[in-house]
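In what follows, a structure is listed as structure tokens, so that the remarks can point back to it.
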Number of protein chains: 2
Amino acid sequence: MKTEKDKVDAIKNGEKHFLHHLSIDCVLFGYHEHQLKVLLLQWKHSGKWSLPGGFIKLDETLEESAKRILKERTGLDDIFLQQFQSFGDPKRSHRSKQDIETLAIVSGSLIDETHWILKRTVSIGYYAVTEYSKVTPRPDPLSEICEWWDIDELPQLVFDHNIIVTEALKALRLQIYHQPIGYNLLPEKFTLPEIHALYETILGKELDRRNFAKKLISLGIIKKLDEMRSIGAHRSPFLYKFDKRKYDKALKEGIALAF
Amino acid sequence: MKTEKDKVDAIKNGEKHFLHHLSIDCVLFGYHEHQLKVLLLQWKHSGKWSLPGGFIKLDETLEESAKRILKERTGLDDIFLQQFQSFGDPKRSHRSKQDIETLAIVSGSLIDETHWILKRTVSIGYYAVTEYSKVTPRPDPLSEICEWWDIDELPQLVFDHNIIVTEALKALRLQIYHQPIGYNLLPEKFTLPEIHALYETILGKELDRRNFAKKLISLGIIKKLDEMRSIGAHRSPFLYKFDKRKYDKALKEGIALAF
DNA sequence: AAATTATTCTGTAATTTATACGCAATGAAG
DNA sequence: CTTCATTGCGTATAAATTACAGAATAATTT
């Protein structure tokens, strides 16, 4: 585990450890009670909101980099990450004078216009989906707050981060039609209503529960167990689990869902 | 138009003009006589084959950069470009001693291990599709030959370029199910057999011509004209053209094709 | 001028898939 | 033992996809 000092130090001496002109931005979708949320950070002093992001170490792959960044904010290992687009407008990462001052104060170093962190930066976008409740959000050294925001009540974000979120959501919704989603997002054993709610939340629309179940079962990616879950004052739903072999096959070869 | 000298000079002095650690690689698919081809370059001396690629200027967008690179190789403006993935393995762009020597000879400059062009490079992949016959391939200063290769008879390529082609084809085939393709790829007026062959070629499989036509017409993105084309010793097919308004709408909003 | 050949155009029947929805079954609470 | 909210099962209908047959046409050949 890194100390806070180490990470602030990274800004000062990052020149030697990170790829210049490149960054990673992560859109982490959190799923909870029929609501889709996004993890955001609030910068110190300016109070501006941003996506969790960071720089790429000289010897790590893009995916390793994204994983590391997300782990620092959430504590989670093994998130299913998906690269979806790179953002490279020459002016996208322009920082205001105030933001530069903040960087200088927080890192305790001189930041003039030649500083590596102010160079034009192309950002590689990754998205991931997680169970909201699994995460304990942790701000980074440059931020005051790290918390979930409802997908349709986002504040204005820094740089082009609002666009990045929009594109990530588009990519996620396109993906859900061509690959199964849910493994690592649901408990090992789950009920039909649970996976049904997950899909409805991500797609942002209603899906007939009976037809939905029929389709997933007929594709063979989930299968019924002989157990039930007790959910209080109502009929107990059966438990299901993913057929990992068929799930992985569907991941690799793609499926054609039509909801 | 740049002179050859300018471009070789770019290697020597590119440090000041290009973003370090970043490059663009383009997979240009050429469509001709039921064959899908890819434009490749053969490097001088080593004889290795690669995709057309290049570096990003300090003040241009990623798309402008890709457009410029493709224009230099093909003469074509206005190609429909699609960013599809970034490739960032730390070892992906390793060059052999021989290749470094060639770079030094061709550019007439000293290239030691600190030279910017040898740094770890993340490449942003773009693909495009064009009519094979519209293109006059032109090698770049580092290459001997620039020519089309059949998609299923590609040689071994440098770096991870074989993977890049595979991923580009996957992305193109996924795209064709969700967006119309054909504008800028077919003459303004075309026949059903022509557009049918285009789709079969890109997807690499047979599509029933009657059902195919029914679908495109019912979606409204092509419409029948009152003219015919004479094709020699056979029945003359009717001409069609794209309904640009509906085509653009489909591009923007997406469609769901199922062939 | 009639038959031949290769190709395009139109239509329809059979099948599969998707959609809509009614109702019985269940577990706990009153 | 009735009520309530919820799950599970099944079926009728609509829509989309697939498969395929046969007529029409423009030269070329006989």
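The analysis underlying the following values was restricted to heavy atoms, covering all of them including side chains, and did not include hydrogens, waters or symmetry mates. Here the structure is a predicted model, which is why all the values come from computation and not from measurement. Chain identifiers are assigned alphabetically (A, B, ...) following the order of the sequence lines, protein sequences preceding nucleic acid strands; residue numbering begins at 1 within each chain.
Regarding B:D208, its CG atom lies at a distance of 18 Å from the P atom of D:dA16, rounded to whole Å. One interatomic measurement links the two molecules: CG of A:L192 to C1' of D:dC9, which rounds to 12 Å at whole-angstrom precision. Residue B:N211 contributes atom CG, which lies 13 Å from atom C1' of D:dA21 at whole-angstrom precision.
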Protein proximity profile, nucleotides 22-30 of chain D - base contact B, sugar-phosphate-only contact S, no contact -, cut-off 4.0 Å on heavy atoms: --BBBSS--

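The aromatic rings of A:F159 and A:W43 lie perpendicular to each other, with more than 60° between the two planes, well past the 30° mark. Ring pair B:Y247/B:F242 is perpendicular by interplanar angle, where above 60° counts as perpendicular and below 30° as parallel. Under the 30°/60° scheme for interplanar angles, the aromatic rings of A:H196 and A:F212 are found to be tilted. Between B:W49 and B:W149, the two ring planes are perpendicular [angle over 60°; tilted spans 30° to 60°].
A donor-acceptor pair under 3.5 Å is absent between the side-chain atoms of B:Y199 and the main chain of B:L207, judged by distance alone. Within the 3.5 Å criterion, the main-chain N or O of B:K244 finds no donor-acceptor partner in the side chain of B:K249.
Remark: B:K37 fails to qualify as a cation-pi partner of B:F29 under the 6.0 Å distance and 45° angle criteria applied to the six-membered ring. Taking the ring axis of A:F190 as reference, the NZ or CZ atom of A:K241 does not stay both within 45° of it and closer than 6.0 Å to the ring centre.
Where DNA chain C meets chain A (any atom under 4.0 Å from a heavy atom), the bounding nucleotides read 5' to 3' are C:dA18 to C:dA28.
Looking at heavy-atom distances under 4.0 Å, A:A258 makes contact with sugar-phosphate atoms alone, never a base.
A donor-acceptor pair shorter than 3.5 Å cannot be found between the side chains of A:S143 and A:Q42.
Within residues 215-227 of chain B, the residues having any heavy atom closer than 4.0 Å to DNA chain D are, in order of number, B:K215.
The residue from B:L40, B:L157, B:D160 that alone fulfils the side chain to side chain contact (heavy atoms under 4.5 Å, CB included) condition with B:V165 is B:L157.
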